[in-house]
Amino acid sequence: MAYKDLREFIAALDERGLLRRITEEVDPYLEITEITDRVSKAAGKNNVALLFSNVKNSSMPVLMNAFGSMERMALALGVEKLDDVADELRQMLKLPYISLQNKMSVVSLIPMVKRAINFPKYVKDAPCQEVIESEPDLDKIPILTCWPQDGGPFVTLPLVFTKNPATGKRNVGMYRLQKYDKRTTGMHWHIHKNGAENFRAMKAAGGNKIEAAVAIGTDPVLTYAATAPLPRDIDEMVFAGFLRHKSVEMVKCKTIDMEVPAHAEIILEGYVAADELRREGPFGDHTGYYSLADDYPVFHVTCITHRKNPIYAATVVGKPPMEDCYLAKATERIFLPLLQQMLPEIVDINMPLEGVFHDCIIVAINKSFPMQARKVMHALWGMGQMMNVKMIIVVDAHVNVQDLKEVWWRVYNNIDAAQDLEIVKGPLDVLDHSSPMAKWGAKLGIDATKTWPEEGHTREWPEEIAMTDAIKRRVDEKWARLGL
């Protein structure tokens with residue numbers, strides 16, 4: 001199903017008992033974070049989305065932890081399980097070679113292809129512009145100060161819209177915004193991000209500013225799409241249309257040449273000046289550590305529009321597991337078919353919650369030639385944001401990469417440290433603090449596959465311990481009577 005807006009998603013969470021409404025007064029300074037952190041790390045039914053309706057010094061409710069479980073992440077994308085999205089993408093990728101022999105197969109796929117391609121629909125009137133504030137005041141928004149050493153309040157779930165000045169192509173990314181005052185924030189776009197690339201293109205063309213719009217509180221599919229590691233020229237709003245099976249409605253901003261989601265709760269319109277930097281941070285980040293303060297461009301807000309009685313959507317990041325871990329798991333499942341298109345030997349992948357996005361990926365492969373694990377490592381390090389992954393562990397096809405106990409058993413038992421560790425140097429995420437150098441450093445590949453004679457292991461490789469199928473069946477028949 002496609003949610004029209006954030007409010008429909010909240011209603012769906014509420015209907016399924018996945019939302020807790022908090023009516024007691026809470027403070028956006030640290031207190032909401034502490035409550036949300038406890039809930040996000042709770043087990044089972046105690047881990048729920050939170051809607052704070054009585055926020056100190058604000059009339060706006062605050063939504064937190066909406067994506068903070070596999071169940072809620074699937075619900076956000078309108079599916080039973082995240083692999084359902086991947087399965088649909090696999091069907092799309094099976095579009096056969098067009099010939100007389102398979103023309104009927106092609107015809108059968110046409111409805112699915114048409115359903116998948118949903119370009120944005122542009123409208124003149126939109127709920128996100130029910131109220132227009134030409135004298136913007138960010139103090140009216142309950143922007144959270146998340147952690148004690150944070151440099152200030154941060155907008156933590158923004159969809160930042162920019163356009164490339166040379167091509168006019170839209171980019172939507174999620175870049176945190178530190179509030180400096182009523183009309184300015186930082187613009188934390190990393191050097192590797194497409195928003196930063198658009199900013200550099202504007203400066204290279206001799207411009208003095210780049211227009212930007214920030215959407216807060218959107219249909220959850222749009223929020224996810226802003227985090228997805230899409231190829232440079234894939235429009236996030238077209239991708240969102242594919243995920244929701246319905247076009248995203250967009251509306252022209254009031255003060256800048258930008259289109260934004262028509263059903264967003266809040267829109268910040270403005271620009272980022274070419275030659276203005278300001279100290280941003282520290283910020284308690286998804287690594288579980290504070291990212292250090294540094295100089296970043298400044299976003300000037302020229303207008304705020306919003307719905308009547310808007311809801312402020314936010315998140316908090318820190319030591320995993322937290323809400324952003326499940327956004328990463330969605331990316332893991334959804335983009336697996338695309339990885340398999342480029343690397344068909346890949347059977348499955350797992351990006352552990354503790355590695356949040358860029359620290360670790362575990363890969364199971366069908367190994368058919370010597371050193372294939374190395375080939376997969378280097379191919380992954382050469383793919384877009386995969387360049388930032390610090391550790392890649394490769395195991396054989398029969399290993400369940402979702403079972404970390406099994407993975408570590410294979411690693412502990414299978415590797416020879418002199419032969420099976422691959423250390424390379426390359427780009428790292430800007431947030432990585434472990435490398436002596438910023439933005440680059442050493443990365444580790446671990447080949448935990450069975451080592452072949454052609455790879456230098458001439459000794460006999462022992463058989464794994466396993467019970468016979470006949471005994472398993474006999475015990476299965478007796479199991480209920482054993483009372484175990």
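All heavy atoms count here, side chains included; hydrogens, waters and symmetry mates do not. In this chain, residues are counted from 1 in sequence order. The structure displayed is predicted, hence computed values, not measured ones.
Just one residue in the list R72, E323, K41 forms a side chain to side chain donor-acceptor pair (under 3.5 Å) with N47, and that residue is R72.
For the 3.5 Å distance criterion, the side chains of N198 and N171 fail to qualify, holding no donor opposite an acceptor. Side chains of N388 and K439: a donor-acceptor N/O pair is absent below 3.5 angstrom, by distance only. Side-chain polar atoms of T218 and T223 form a donor-acceptor pair below 3.5 angstrom. Side-chain contact check for T255 and E269: at least one donor-acceptor pair (N or O, by modelled atom type) lies under 3.5 Å. A donor-acceptor contact under 3.5 angstrom links the side chains of Q402 and D348, judged on distance only.
Between the D181 side chain and the R183 main chain, a donor and an acceptor come within less than 3.5 Å of each other. Side chain of N194 to main chain of E197: no donor-acceptor pair is present (N/O by atom type, distance under 3.5 Å, no hydrogens or angles). D5 places no side-chain N or O within donor-acceptor distance of the main-chain N or O of D219, the cut-off being under 3.5 Å.
Other residues, nucleotides and ligands place no more than 12 heavy atoms under 6.0 Å from the CD atom of E71. For R38, the CZ atom sits in a loose shell: 12 or fewer heavy atoms of surrounding residues, nucleotides or ligands are nearer than 6.0 Å.
Taking the six-membered ring for Trp and thresholds of 30 and 60 degrees, W189 and Y175 have ring planes more than 60 degrees apart, a perpendicular arrangement.
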Salt bridge (Lys or Arg N to Asp or Glu O under 4.0 Å) between K319 and D37, intermediate numbers included: CA-CA 9 Å; K319 295 176 184 176; D37 189 35; over 6 Å; no
Stepwise side chain to side chain contact (heavy atoms under 4.5 Å, CB included) test for F52 and E25: CA-CA 8 Å; F52 298 95; E25 185 182 73; over 6 Å; no
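In this structure, CD1 on I216 lies 8.5 Å from CE on M60, to the nearest 0.5 angstrom. Going from atom CD of Q178 over to atom OH of Y296 covers 11.5 Å, rounded to the nearest 0.5 Å.
The side chain to side chain contact (heavy atoms under 4.5 Å, CB included) test applied to D87 returns D84, R90, not counting sequence neighbours.
Contact check for L222 versus V248: side-chain heavy atoms found under the 4.5 Å cut-off. Between I35 and E31 the shortest side-chain heavy-atom distance falls below 4.5 Å. Counting heavy atoms from C-beta on, the side chains of R176 and S291 come closer than 4.5 Å.
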Would you be so kind as to tabulate the donor-acceptor pairs closer than 3.5 Å made by side chains of residues 137-145, with sequence neighbours excluded?
residue, atom, partner, partner atom, Å
D137, OD1, D139, N, 2.9
D139, OD1, K179, NZ, 2.8

For residues 202-211, which side-chain N or O atoms pair as donor and acceptor with protein atoms under 3.5 Å away, sequence neighbours left out?
residue, atom, partner, partner atom, Å
E211, OE1, D257, N, 2.9

